[in-house]
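Below, chains carry the letters A, B, ... as their sequence lines are ordered, and counting in each starts from 1.
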2 protein chains.
Amino acid sequence: MVQYQPIALDTSFAAIADATRRGVLQRLGQAEASVTDLADSFHMSLTGMKKHIHVLETAGLVATHKIGRVRTCQLGPSALDREAAWIIGYRQLWEARFAALDTLVDHLKQQEAVDGHDRRK
Amino acid sequence: MVQYQPIALDTSFAAIADATRRGVLQRLGQAEASVTDLADSFHMSLTGMKKHIHVLETAGLVATHKIGRVRTCQLGPSALDREAAWIIGYRQLWEARFAALDTLVDHLKQQEAVDGHDRRK
DNA sequence: CCAATACTGAACCACATGGTTCAGTATCAG
DNA sequence: CTGATACTGAACCATGTGGTTCAGTATTGG
């Protein structure tokens with residue numbers, strides 16, 4: 001369950017920032033596929049698909065093995081653990097922002113109540 | 001809590017695929033900041049930072065408002081809901097792959113047990 | 001053995017990205 | 001009013017991206 005080697009968040013996020021590559025991952029979640037299969041599925045040249053596979057492989061999202069002349073692709077070691085963690089962390093930060101905002105608003109309201117009698121428009 | 005308008009996953013993932021931009025988000029989680037503040041913090045030209053801000057703004061991750069000559073940046077409407085959902089979905093897919101693999105392995109083991117007596121090496 | 005298949009690699013293309021500098025414009029402080 | 005400040009926009013640059021085609025090489029089916 002441990003990430004084999006820490007791949008930069010940049011690399012992983014960039015890898016999944018492409019609709020075609022997300023599609024490939026989805027596809028490989030169903031079953032393994034050869035590069036040709038994938039190229040056909042996504043209406044793309046073999047070479048084009050190979051580049052996508054390379055990006056996904058670099059990100060640890062896809063693993064491949066070649067038997068004879070056909071290279072088979074399957075989901076790789078990365079389950080996007082660190083990436084998920086980053087997003088969760090961000091969401092907490094994001095929520096905290098509103099908590100802070102609420103506190104501020106409360107503070108202002110209270111202030112207004114105090115100042116109200118001599119500062120009211 | 002609802003996403004204002006559905007921003008493409010591509011755009012958001014690309015936005016957070018950059019370490020500087022993730023840093024900016026982290027920074028804005030603490031407190032608002034002007035473009036100049038951020039440019040200084042990240043040792044970058046004002047223009048360079050403005051570009052990053054623009055990317056983050058397009059992704060809905062940052063919101064800005066200009067008062068006088070200073071533009072202030074704060075965290076934007078997107079809490080990366082859809083992006084988090086996609087990753088969670090992927091993780092489930094990823095785990096399912098192992099479930100399938102386990103089933104296969106079990107099947108093979110059982111098969112081997114049956115065939116064992118006449119196929120043993 | 002020979003042709004078809006499956007991939008690989010190099011080269012090219014248009015366009016995006018991450019950064020810069022330079023020349024504005026608008027606002028603020030004194 | 002004038003200079004400093006804060007941003008904006010255009011232009012440029014090197015590099016990366018997403019795609020292609022074309023020319024290989026390696027395997028396989030017949």
Side-chain angles (χ1 to χ4, degrees), chain A residues 7-28 31-76 83, chain B residues 7-28 31-76 78 83 86:
Chain A
I7 293 160
L9 286 181
D10 294 41
T11 307
S12 318
F13 278 136
I16 58 174
D18 182 278
T20 301
R21 285 194 293 262
R22 286 195 305 276
V24 167
L25 291 178
Q26 214 67 34
R27 177 83 152 62
L28 294 181
E32 293 187 349
S34 72
V35 181
T36 300
D37 289 344
L38 293 170
D40 289 350
S41 295
F42 292 86
H43 315 96
M44 182 176 299
S45 73
L46 193 57
T47 312
M49 180 52 68
K50 204 183 49 129
K51 285 197 188 183
H52 281 304
I53 298 298
H54 178 246
V55 172
L56 288 167
E57 212 167 358
T58 302
L61 291 166
V62 158
T64 73
H65 57 277
K66 193 170 184 176
I67 297 177
R69 59 186 168 175
V70 31
R71 177 173 298 276
T72 303
C73 309
Q74 55 181 171
L75 293 188
E83 294 69 23
Chain B
I7 294 160
L9 286 181
D10 294 41
T11 308
S12 318
F13 279 136
I16 58 174
D18 182 278
T20 300
R21 286 194 291 263
R22 286 196 304 277
V24 168
L25 291 177
Q26 213 68 33
R27 178 84 152 60
L28 294 181
E32 294 187 348
S34 72
V35 181
T36 301
D37 289 343
L38 294 169
D40 289 350
S41 295
F42 292 87
H43 314 95
M44 182 176 296
S45 74
L46 193 57
T47 312
M49 181 51 71
K50 203 182 50 124
K51 285 197 188 182
H52 281 304
I53 299 298
H54 178 245
V55 172
L56 289 167
E57 212 167 358
T58 302
L61 292 166
V62 158
T64 72
H65 56 279
K66 193 171 184 176
I67 297 177
R69 59 186 167 171
V70 31
R71 176 173 300 276
T72 304
C73 309
Q74 54 181 171
L75 292 188
S78 169
E83 294 69 23
W86 187 88

Checklist entry - Less than 4.0 Å between a side-chain N and a carboxylate O, is that true for Arg22(A) and Asp10(B)? => result yes

Checklist entry - Under 4.0 Å: is that the gap between some side-chain N or O of Ser45(A) and OP1 or OP2 of dG19(D)? => result no

Checklist outcome for this item: Sequence neighbours excluded, the answer for side chain to side chain contact (heavy atoms under 4.5 Å, CB included) partners of Asp40(B) is Thr36(B)

Checklist entry - Starting at NZ of Lys50(B) and ending at C1' of dT20(C), how long is that distance when rounded to a whole Å? => result 14 Å

Checklist entry - Starting at the 5' end of DNA chain C and moving along, which residue's nearest nucleotide shows up first, Val35(A) or Thr20(B)? => result Val35(A)

Checklist entry - Nearest to the side chain of Leu46(A), which nucleotide is it out of dG19(C), dT21(D), dT8(C)? => result dT8(C)

Next on the checklist: I'd like to check the side-chain hydrogen bond (donor to acceptor under 3.5 Å, both in side chains) partners of Glu32(B); sequence neighbours left out, ordered by chain and number.
Outcome noted: Gln74(B)

Next on the checklist: Show the nearest heavy-atom pair for residues Leu38(A) and Arg27(A), with the distance to one decimal.
Outcome noted: CD2-CG, 3.8 Å

Checklist entry - By side-chain hydrogen bond (donor to acceptor under 3.5 Å, both in side chains), which residues pair with Thr64(A), not counting sequence neighbours? => result Glu57(A), Arg71(A)

Checklist entry - How long is the line joining NE2 of His43(B) and P of dT20(C), in whole Å? => result 12 Å

Item to check | Between dT17(D) (C1') and Met49(A) (CE): distance, integer Å | outcome: 15 Å

Checklist outcome for this item: Contact check, residues 10-18 of chain B vs DNA chain C, heavy-atom distance under 4.0 Å, returns Asp18(B)

Checklist entry - Do you know the tightest heavy-atom contact between Ser34(B) and Val70(B)? => result CB-CG2, 3.7 Å

Checklist outcome for this item: Which of dG9(C), dT8(D), dG18(D) is nearest the side chain of Lys51(A)? It is dG18(D)

Item to check | Check: Ser41(A) side chain, Asp37(A) main-chain N or O, donor-acceptor pair, under 3.5 Å | outcome: yes

Checklist entry - Taking atom C1' of dT17(C) as reference, at what distance in whole Å does atom CE of Met44(B) sit? => result 12 Å

Checklist outcome for this item: Nucleotide by nucleotide, nucleotides 22-30 of chain C touches protein heavy atoms under 4.0 Å in the pattern (B base, S sugar-phosphate only, - none) B----BS--

Next on the checklist: Students often mix this up, so state it plainly: with edges at 30° and 60°, are the rings of Phe13(B) and Trp86(B) parallel, tilted or perpendicular?
Outcome noted: perpendicular

Dump every N/O contact between nucleotides 1-3 of chain C and the protein below 3.5 Å, one line per pair.
none

Item to check | Nearest to side-chain heavy atoms of His52(A), which nucleotide of dT8(D), dG18(D), dA6(C) | outcome: dG18(D)

Checklist entry - What pair of heavy atoms forms the shortest contact from Ser45(B) to Ala39(B), and how long is it? => result O-CB, 4.0 Å

Checklist entry - How long is the line joining NE2 of His65(A) and P of dT27(D), in whole Å? => result 16 Å

Next on the checklist: Does dT8(C) have its OP1 or OP2 closer than 4.0 Å to a side-chain nitrogen or oxygen of Lys66(A)?
Outcome noted: yes

Checklist entry - Between Cys73(B) and Val35(B), what is the shortest heavy-atom contact and its length? => result SG-CG2, 4.1 Å

Item to check | Distance, rounded to the nearest Å, where Arg71(A) contributes CZ and dT25(D) contributes P | outcome: 18 Å

Item to check | Integer-rounded Å distance: dT8(C) C1' and Ile53(A) CD1 | outcome: 14 Å

Checklist outcome for this item: Smallest heavy-atom separation, Ala59(B) atom then Ser12(B) atom, equals CB-CA, 4.2 Å

Checklist entry - Taking atom C1' of dG19(D) as reference, at what distance in whole Å does atom NE2 of His54(A) sit? => result 16 Å

Item to check | For the student: nearest non-hydrogen atoms of Asp18(B) and Thr20(B), plus distance | outcome: OD1-N, 2.9 Å

